[in-house]
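Presented below is the structure to which this report refers.
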Amino acid sequence: MMVTSSVRVPRRLVIDGVAAVILALVIGSLIASFRAMPSIPAGVQRTLDPRPAGERVVASAQQVLAAKPDDPAAMANLATAYLLRVRETGDPSYYPRAEALLNRSQDLRPEDPNVLLGLGSLAASRHDFAQALGFGQRAVAALPTRAASYSVVIDALVELGRYDEAVQAAQQMVNLRPDQASYSRISYLRELNGDVDGAIDAMRIAVASGAPDAEPT
């Protein structure tokens, strides 16, 4: 899969550069991890527990943190769940809660890629894209093979107007993991370059790549 190093993105590939959706990959994996009854069909599970996805994820993450109160990963997961609740509710009071958890976890593990990714996502959600880029680049440096870290880098680069660099980062992300998060970002890059049909094609692939009941879908 090739994106090319220019701003123009070929149609055979697939940025949701809007900061509101930068957590898609992380949230999708969290929802999958925290489902209490994975063997039950999604529709039945929603009937048994009709709460929004973010509310369910927050509850599960809180249980994990209660069992492991000093675990930086558990703190970062709960912080990410709080950011999902912001997306669902529009309530900014979740931001300081997420920030407090991420700061605590960073004190314990400064270069942990999960913590850096959470800090980058928080910064992007607050439209501090320069800071988001810094955290994203550190997350990539800490774990270059993790595609999720590139999502923060791509979104920040787009919002800062650095489109050529965003295309290069998108190429790296899709090479690592051609999934919903990477295809949606390719879609946005295509839209920015006037290729609306190609953007629609890429976003359709992104939708098909995700779980039907997942919040990012």
Check whether any side-chain heavy atom of [X] sits under 4.5 Å from a side-chain heavy atom of [Y], and report yes or no.
{"X": "Arg56", "Y": "Leu84", "result": "no"}
{"X": "Leu102", "Y": "Met75", "result": "no"}
{"X": "Leu160", "Y": "Leu133", "result": "yes"}

What's the separation between atom [atom1] in [X] and atom [atom2] in [Y], rounded to the nearest 0.5 Å?
{"X": "Leu122", "Y": "Asn103", "atom1": "CG", "atom2": "CG", "value": "8.5 Å"}
{"X": "Met173", "Y": "Tyr150", "atom1": "CE", "atom2": "OH", "value": "10.0 Å"}
{"X": "Tyr94", "Y": "Thr89", "atom1": "OH", "atom2": "OG1", "value": "5.5 Å"}
{"X": "Leu65", "Y": "Leu78", "atom1": "CG", "atom2": "CG", "value": "6.0 Å"}
{"X": "Ser182", "Y": "Arg177", "atom1": "OG", "atom2": "CZ", "value": "8.5 Å"}
{"X": "Leu117", "Y": "Ser151", "atom1": "CG", "atom2": "OG", "value": "6.0 Å"}

Check whether any side-chain N or O of [X] sits under 3.5 Å from a backbone N or O of [Y] as a donor-acceptor pair, and report yes or no.
{"X": "Ser184", "Y": "Met203", "value": "no"}
{"X": "Gln180", "Y": "Ala206", "value": "yes"}
{"X": "Tyr163", "Y": "Leu157", "value": "no"}
{"X": "Asp179", "Y": "Ala181", "value": "yes"}

So, for [X] and [Y], which heavy atoms are closest and what is the spacing to 0.1 Å?
{"X": "Val152", "Y": "Gly136", "answer": "CG1-CA, 3.9 Å"}
{"X": "Pro72", "Y": "Ser105", "answer": "O-CB, 3.6 Å"}
{"X": "Gln106", "Y": "Leu116", "answer": "NE2-CD2, 4.2 Å"}
{"X": "Ile154", "Y": "Ala170", "answer": "CD1-CA, 3.5 Å"}
{"X": "Arg104", "Y": "Pro69", "answer": "NH2-O, 3.3 Å"}
{"X": "Gly120", "Y": "Ala132", "answer": "O-CB, 3.5 Å"}

*Kindly work out whether a path of hydrophobic side-chain contacts (I/L/V/M/F/W/Y, heavy atoms less than 4.5 Å apart) joins Leu143 to Leu108.*
no

*In the single-linkage hydrophobic clustering (I, L, V, M, F, W, Y; side-chain heavy atoms under 4.5 Å), do Tyr95 and Val115 co-cluster?*
yes

*Using the salt bridge (charged side-chain N to carboxylate O under 4.0 Å, His left out) rule, collect all pairs that involve residues 118-140, keeping only residues at least two apart or in two chains.*
Glu99-Arg126, Glu111-Arg138

*May I ask you to establish whether Arg85 and Tyr82 are in a cation-pi arrangement, using a distance under 6.0 Å from NZ or CZ to the six-membered ring centre and at most 45° from the ring axis?*
no

